[in-house]
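What follows is a set of notes on a single structure, which appears directly below.
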Amino acid sequence: AQKVTQAQTEISVVEKEDVTLDCVYETRDTTYYLFWYKQPPSGELVFLIRRNSFDEQNEISGRYSWNFQKSTSSFNFTITASQVVDSAVYFCALSEAGSNDYKLSFGAGTTVTVRA
Amino acid sequence: NAGVTQTPKFQVLKTGQSMTLQCAQDMNHEYMSWYRQDPGMGLRLIHYSVGAGITDQGEVPNGYNVSRSTTEDFPLRLLSAAPSQTSVYFCASSRPPSMEQYFGPGTRLTVT
């Protein structure tokens with residue numbers, strides 16, 4: 001079963017628009033960790049944020065903000081006032097404390113294209 | 001710090017050849033892992049290690065071997081390359097395992 005679902009395959013916006021990426025996860029563990037990674041066209045995977053299941057405090061970091069809601073098993077990510085450099089594939093990922101391999105279960109990714 | 005480094009960046013192999021993908025990290029991270037990224041399949045865990053001398057299989061280990069003789073290095077060996085192993089391979093590390101994993105730049109492998 002898919003543990004992380006990113007329903008949006010592609011999003012295209014004009015520069016300065018806000019973009020919200022949806023992420024829904026599934027786990028039976030009470031302790032788990034959620035992540036967002038960015039993969040720009042150059043191909044590397046860049047860590048953006050980590051949240052543990054006991055920390056529902058939402059955060060704003062510059063133009064990025066995150067909304068973690070355990071009640072709906074969602075961990076959404078918003079880019080405010082998007083820029084062309086934000087164009088990338090964004091991955092949501094889950095790591096479950098109950099697993100022995102600590103693997104990151106990735107969603108399929110959302111491709112964000114920001115047009116000038 | 002160089003972070004996580006991988007070599008080579010690109011590689012073309014013929015079916016049946018073997019090779020080793022190198023991965024090194026200079027952050028003294030305990031946990032290291034190898035993923036492959038395929039279109040439509042996302043990233044999948046191949047092998048992982050929670051410390052020097054300890055390795056274990058991930059979800060897609062067939063056709064690959066790993067070893068962890070030092071904290072810094074975690075090479076991935078393809079035993080007999082097959083076209084199905086054409087992929088982009090990423091090495092990652094973290095300390096401890098539940099923390100964020102930092103990825104290397106990736107190796108794009110083509111098997112003909």
Answer with yes or no whether the hydrophobic clustering places [X] together with [Y]; edges join I, L, V, M, F, W, Y residues whose side-chain heavy atoms lie under 4.5 Å apart.
X     : Y      : result
B:M32 : A:Y33  : no
B:Y48 : B:M27  : yes
A:W36 : A:I79  : yes
B:F74 : B:V50  : no
A:L48 : A:V112 : yes

Next on the checklist: Test your reading of the model: is there a side-chain donor-acceptor pair from A:Y37 to the backbone of B:F103, 3.5 Å cut-off?
Outcome noted: no

Next on the checklist: Is B:L43 in contact with chain A via its backbone, its side chain, both, or neither, using a 4.5 Å heavy-atom distance?
Outcome noted: both

Checklist entry - Which atom pair, heavy atoms only, marks the closest approach of B:Q101 to A:F47? => result O-CB, 4.5 Å

Checklist entry - What is the minimum heavy-atom distance between B:Q37 and A:F91, and which atoms define it? => result NE2-CZ, 3.5 Å

Item to check | chain A contacts, top residue of B:E59, B:R108, B:R44 (heavy-atom pairs, under 4.5 Å) | outcome: B:E59

Item to check | Point-to-point distance, once rounded to the nearest 0.5 Å, from OG of B:S94 to CZ of A:F35 | outcome: 7.5 Å

Checklist entry - Any chance NZ of A:K70 has more than 12 other-residue heavy atoms, nucleotides or ligands included, within less than 6.0 Å? => result yes

Next on the checklist: Do B:Y35 and A:L45 have side chains that approach each other closer than 4.5 Å (heavy atoms only, starting at C-beta)?
Outcome noted: no

